[in-house]
Amino acid sequence: MTTTTTTARPTATPPALDAQALWQKDRDHFIHPFTDFSVFLEQGCDLITDSDGIYVQDAKGNRFIDGIAGLWCVNVGHGRAEIGQAMADQATRMAYFSTFNNLSNAPAAELAAKLAELAPAHLNHVFYSCGGSAANDATIRLVHYYFNRLGKPNKKRILSRNNAYHGTTYLAASLTGIESNNWAFDTLDHLVTHLSEANCYRRPEGMSEAEYCDHLVQEFENTIAEIGADNIAAFIAEPIMGAGGVLVAPEGYHKRMQAVCRAHDILLIADEVVTAFGRLGHVFASEAVFDTQPDIINCAKGLSSGYAPLGATLISDAIYEVLGTPQRKGGVLSTGFTYSGHPVSCAAALKNIEILERERICENVREVGPYLEQRLKTLSHHATVGDVRGSHFMMCLENVADKETRELLPVEARVGDRVAAEAQQRGLIIRPVGHLNIVSPPLIWTRETVDRVVAILDEAFTATTASLRKDGYL
């Protein structure tokens, strides 16, 4: 596959940035998501100011390979001039108008039809939001409304999973099963029940993968029996868990969980905020990779490749038939956002999808992805690398103190941070999440890029092991 990466550049030279002044403004005024204030208040942030293809550059002029696609999202790469131009053209023609009360706009209509074309055949209706958290939040509200309209008002409980990540708006945060995400925050525990995550690396000792799958499905059945199917609205799951550790379920898990849902009149919601638009080599992973047909698919991130905020909930014909029936005379579907179907964001998404298709980027992921998996596994010789897992352009390295027992290093060792810092010093940005390091790059990486990245990571793990030993953690 041949990919073309063009960079949007203004005709005039941009003014030089005052890196120190920007650093100070950022530290003094910007409350960053997922901030460790013990570090931030002293060190502030690295300011990323420029990008091009697979690279980003900071305010000091340092250039890095982007190993996280911004945040799981810059799928077609940075600096795509034609996406910027499509946004500019739409903003000049009409930047915004409401989509409430029987009003619409051309990009929103075109994108909805395109998503229906790309999605599994029964998902023909699109509800727009502004990102993944909002998409998941809006979905649950629509699901509850759906069952209310069917005369089943008790079907409210949502089943999620431990270590799932579904966002940080109030309801989405409650769906999220990463314990540390909700320290000192309130959650809606009366609405959400968490099942075990599908973590093959840490499955019970002596249990085969097939037996582990049986175990997880039985837990699902037992939970339904305990709560009562008449009280459960939906099960929400990522095809592969993202921020919770890039956890790949045992073979057959998703299809079997779908069968249980169907048997108990429970909707299946696939959170494809990360996996959609090519990360696993297909536009949508649920059907193409895992042979499931969810009732709802939520997407964001790669939908616009991060060029503009946008989320979408894809809803089945059967659910839409209920949602689309007026609840009463003069009644409306009274939910939505000011920016639902924002024309500039939808224009960005349309051009992004055009690039994905034209450059056969999903095909690139299917070709290069297995090579990335293979090369990352060569890092298993390092003392701390206990597991290398994931699929295609969605990978994770789990650091441990002991490979035999899988015991973790103490939190204060900050092993994930150490590896990420060593990699960044060598020109690569990867994501630390506790004891994990995540690699989720732009989908335009080549085999040559993979080789460069693995060489950097090899050095980074060697340096990290030395520093851990020096500090008495190994």
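These figures come from a predicted structure and were not determined experimentally. Excluded from the calculations below are hydrogen atoms, water molecules and symmetry mates; all remaining heavy atoms, backbone and side chain alike, are included.
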Problem - Close aromatic pair by centroid cut-off 6.0 Å: F284 and F277 - result: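 Yes, they do, as the ring centres are separated by less than 6.0 Å.
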Side chains of [X] and [Y] only: does a donor on one sit below 3.5 Å from an acceptor on the other?
| X | Y | result |
| --- | --- | --- |
| Q258 | D291 | no |
| T275 | E272 | yes |
| S340 | T99 | no |
| N352 | S305 | yes |
| N136 | N298 | yes |
| N437 | R431 | no |
| T464 | S467 | no |
| N163 | H194 | no |

Least distance between heavy atoms, [X] atom then [Y] atom:
| X | Y | answer |
| --- | --- | --- |
| G281 | C362 | O-CB, 3.4 Å |
| L409 | Y473 | CD2-O, 3.5 Å |
| A164 | E238 | CA-OE1, 3.4 Å |
| D66 | I68 | OD1-N, 2.9 Å |

Find out whether [X] and [Y] are in side-chain contact, i.e. whether some heavy atom of one side chain is under 4.5 Å from a heavy atom of the other.
| X | Y | answer |
| --- | --- | --- |
| E363 | R366 | yes |
| L428 | F64 | no |
| L372 | R447 | no |
| R279 | H392 | no |
| L457 | V453 | yes |
| V56 | I429 | yes |
| D458 | H382 | yes |

Salt-bridge present ([X], [Y]; N to O < 4.0 Å):
| X | Y | value |
| --- | --- | --- |
| R360 | E367 | no |
| R256 | D214 | yes |
| D295 | R262 | yes |
| E448 | R452 | no |
| R414 | D36 | yes |
| E197 | R203 | no |
| D58 | K60 | no |
| E398 | K403 | no |

Handout entry: Aromatic plane relationship, Y212 with H215 - under 30° parallel, 30 to 60° tilted, over 60° perpendicular
Key = parallel
Exercise for the section: Please work out which of the three classes, parallel, tilted or perpendicular, describes the rings of Y339 and Y96, given edges at 30° and 60°. Expected result: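 Because their plane-to-plane angle is over 60°, the rings of Y96 and Y339 count as perpendicular.
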Problem - E110 atom CD: more than 12 heavy-atom contacts under 6.0 Å - result: no
Exercise for the section: Please indicate whether E251 has more than 12 foreign heavy atoms, meaning atoms of other residues, nucleotides or ligands, lying under 6.0 Å from its CD. Expected result: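 No, because the 6.0 Å sphere around CD of E251 holds 12 heavy atoms or fewer from other groups.
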Problem - Side-chain (S174) to main-chain (L188) donor-acceptor, under 3.5 angstrom - result: yes
Exercise for the section: Could you give me the CA-CA distance, side-chain angles and deciding distance for S196 and R161, then say whether side chain to side chain donor-acceptor pair (under 3.5 Å) is met? Expected result: CA-CA 6 Å; S196 297; R161 299 183 293 177; over 6 Å; no
Problem - cation_pi(R80, Y307) dist<6.0 Å, angle<=45 - result: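 Cation-pi check for R80 and Y307: fails.
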Practice task
Evaluate the ring pair (Phe, Tyr, Trp, His ring centres under 6.0 Å) criterion for residues Y55 and H78: first the C-alpha distance (whole Å), next the side-chain angles of each, then the deciding distance (0.1 Å), finally the verdict.
Solution key: CA-CA 7 Å; Y55 298 98; H78 298 277; 9.5 Å; no
